[in-house]
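Remarks on the structure that follows.
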There are 2 protein chains.
Amino acid sequence: MVRPGGRSARVQAGVHAAVRELSAEVGRDALTVPMIAQRAGVTPSTVYRRWGDLQELLSDVAVERLRPDTTPGDHGTLRSDLTAWAEQFLDEMSSPSGRAYIRDALLGDPDGGNAGRCSAYAAEQIDVILSRAAERGEETPAVETVMDRVVAPLMYRILFRPDGLDAEYARQLVTGIFDNAGTGAAD
Amino acid sequence: MVRPGGRSARVQAGVHAAVRELSAEVGRDALTVPMIAQRAGVTPSTVYRRWGDLQELLSDVAVERLRPDTTPGDHGTLRSDLTAWAEQFLDEMSSPSGRAYIRDALLGDPDGGNAGRCSAYAAEQIDVILSRAAERGEETPAVETVMDRVVAPLMYRILFRPDGLDAEYARQLVTGIFDNAGTGAAD
DNA sequence: CAGGTAAAAGCTAAGAGTTTGCTTTAGCTC
DNA sequence: GAGCTAAAGCAAACTCTTAGCTTTTACCTG
């Protein structure tokens, strides 16, 4: 077996780097396995054997790029932290390239867990925000509540209705968590 | 130009039928354009010229299969109508084949509108339920509210966290629309 | 630290899918 | 029913994918 740091790891890193470089140079839709393999200095059969097909490889790379690289900012209150996070999330994810990454991540083997990893990233970020609020002594909702009421609607709109999305929508969703005024439905 | 009912329409119908038949026979993952073209009695280049690639074709067919074929059932109250609809929606969409259709629909040209069409189907169904409730004299939430609070969370879980989904979750989401007890967040 | 071992990569050729220019057909319009 | 145009058929060139076999690499034992 080849351990981390060995040849396997170098090949994987090289192929991932080749995907990132080439998708910037020629565009995501023009990528082919032979092209990526050549840039990475490996043979196409290596890529096919390790990833199966182009989709699976793109899915892998997409998940890496969707991993947050910063801790959510501290704006003093739970509400402002969530609002800022939701606005940034929407901003990053609703761009054409952001949507492409999400779609690629969803495209991989459903049992491979790439999609689940994306969701986990968001949940971790939310958890950081909620924990910080709890330390301040604020009442906090469950992570699941924020996922259902903010993340899920944002992601749904990004995937299914990409038009007419703006930061105001993200703010309204966060407000909905704090506002118990009702939905207009009688019980 | 060839109008509806002409050769174009026949080819489209034949190719769609071929996709449905073959995906039942050999499985969605084994489909190829030449295989579909042969079953439909057309040449592969016809398929490539009309749809561009296999993904686009599968996306088209998936949207058709995601179109609801019945009106939401009437159970006497808004709450029971929504609950029944959400449970059925979850049941149909969370199956392996349901998830595959959703993924295929999302995969097509983002500007082609296939994803938006799926969302519109759900919105139409919700609208029927809400209109019926309004006629009964019940207070009703906006369609958007139901999309955000029920459809989006269901779809998010189906796509990103397919494990651990059950009818109880769907019921809780519907309850959340009627229950203004709060989320645990202080304002 | 030399030799053995197993996993992973390289190589190559056969097979399958995709693209494209040109020709033919179908259906509309006058 | 003759002309016209969009779409389909055809066929060849091209690219991608797959698979069997060989070679390399890194780890591990003696």
Side-chain angles (χ1 to χ4, degrees), chain A residues 1-23 25-62 64 100 103-104 107-110 112, chain B residues 1-62 64 100 103-104 107-109 112:
Chain A
M1 205 202 318
V2 179
R3 307 298 162 129
R7 183 165 63 161
S8 270
R10 284 199 309 276
V11 167
Q12 152 139 1
V15 169
H16 276 218
V19 170
R20 286 191 297 272
E21 290 170 24
L22 286 169
S23 77
E25 290 172 24
V26 305
R28 178 210 169 285
D29 292 341
L31 295 179
T32 67
V33 169
M35 180 189 297
I36 292 164
Q38 182 176 23
R39 173 67 63 100
V42 302
T43 60
S45 61
T46 294
V47 174
Y48 286 115
R49 261 195 270 265
R50 278 188 63 138
W51 282 277
D53 60 16
L54 179 60
Q55 274 187 357
E56 205 60 43
L57 171 57
L58 291 181
S59 178
D60 258 25
V61 174
E64 270 189 14
R103 282 159 28 107
D104 283 342
L107 245 142
D109 176 10
Chain B
M1 202 202 315
V2 179
R3 307 296 164 146
R7 183 164 62 160
S8 271
R10 284 199 309 277
V11 167
Q12 153 139 3
V15 170
H16 276 217
V19 170
R20 287 191 297 272
E21 290 170 23
L22 286 169
S23 76
E25 290 172 24
V26 305
R28 178 209 169 284
D29 291 342
L31 295 179
T32 67
V33 170
M35 180 189 297
I36 292 163
Q38 183 177 23
R39 173 67 62 102
V42 302
T43 59
S45 61
T46 293
V47 175
Y48 286 115
R49 265 194 258 266
R50 278 187 64 135
W51 282 276
D53 60 18
L54 179 60
Q55 272 186 0
E56 206 59 43
L57 171 58
L58 292 181
S59 177
D60 259 23
V61 175
E64 271 190 13
R103 282 160 28 107
D104 283 342
L107 260 160
D109 177 10

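Every chain is numbered from 1 and lettered A, B, ... according to where its sequence line falls, protein lines coming before strand lines.
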Next item on the list: Can you sort out which residues in residues 19-42 of chain B have a heavy atom within less than 4.0 Å of DNA chain D? Ascending by number, please.
Entry: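 Heavy-atom contacts with DNA chain D come from G41(B), V42(B).
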Notebook entry, point to check: Given atom CZ of R49(B) and atom P of dT20(C), what is their separation to the nearest angstrom?
Noted result: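 Spelled out: CZ on R49(B) to P on dT20(C) is 9 Å.
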Check: Any idea which of dG10(C), dA11(D), dA8(D) is nearest the V11(B) side chain?
Finding: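 The answer is dA8(D), which lies nearest to the side chain.
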Check: Which one, dG27(C), dA9(C), dC10(D), comes nearest to the side chain of R10(B)?
Finding: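 That would be dG27(C).
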Next item on the list: Could I get the full list of salt bridge (Lys or Arg N to Asp or Glu O under 4.0 Å) partners for R20(A), not counting sequence neighbours?
Entry: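 Scan of R20(A) (salt bridge (Lys or Arg N to Asp or Glu O under 4.0 Å), adjacent residues dropped) gives E64(A).
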Notebook entry, point to check: Can you tell which of V47(A), V33(A), L31(A) makes a side chain to side chain contact (heavy atoms under 4.5 Å, CB included) with L57(A)?
Noted result: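 Considering V47(A), V33(A), L31(A), a side chain to side chain contact (heavy atoms under 4.5 Å, CB included) with L57(A) is found only for V47(A).
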Notebook entry, point to check: For T46(B) and L54(A), take the nucleotide of DNA chain D holding the closest heavy atom to each; which residue's nucleotide lies nearer the 5' end?
Noted result: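 First, find each residue's nearest nucleotide; the 5'-ward one identifies T46(B).
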Note to self: Test of understanding: with side chain to side chain contact (heavy atoms under 4.5 Å, CB included), list the residues that count as partners of L107(A), not counting sequence neighbours.
What the structure shows: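 Only Q55(A), D104(A), Q55(B), L107(B) meet the side chain to side chain contact (heavy atoms under 4.5 Å, CB included) criterion with L107(A).
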Next item on the list: Answer yes or no: side-chain N or O of R7(A) and base N or O of dG10(C) forming a donor-acceptor pair under 3.5 Å.
Entry: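 Such a pair does not exist between side chain and base.
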Check: Is any N or O donor-acceptor pair between the side chain of R50(B) and the base of dG9(D) shorter than 3.5 Å?
Finding: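 For R50(B), whose side chain was compared with the base of dG9(D), there is no donor-acceptor pair (under 3.5 Å).
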Notebook entry, point to check: Under 3.5 Å, side chain of R50(B) to main-chain N/O of V11(B), donor-acceptor pair present?
Noted result: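 The answer is no, because no donor-acceptor pair under 3.5 Å joins these two groups.
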Check: Atom CG in L58(B), atom CG in L54(B): separation rounded to 0.5 Å?
Finding: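 Taking CG in L58(B) and CG in L54(B), the distance rounds to 4.0 Å.
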Notebook entry, point to check: How about L22(B) and R28(B): do any of their side-chain heavy atoms sit closer than 4.5 Å?
Noted result: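 The answer is no; the side chains never approach within 4.5 Å.
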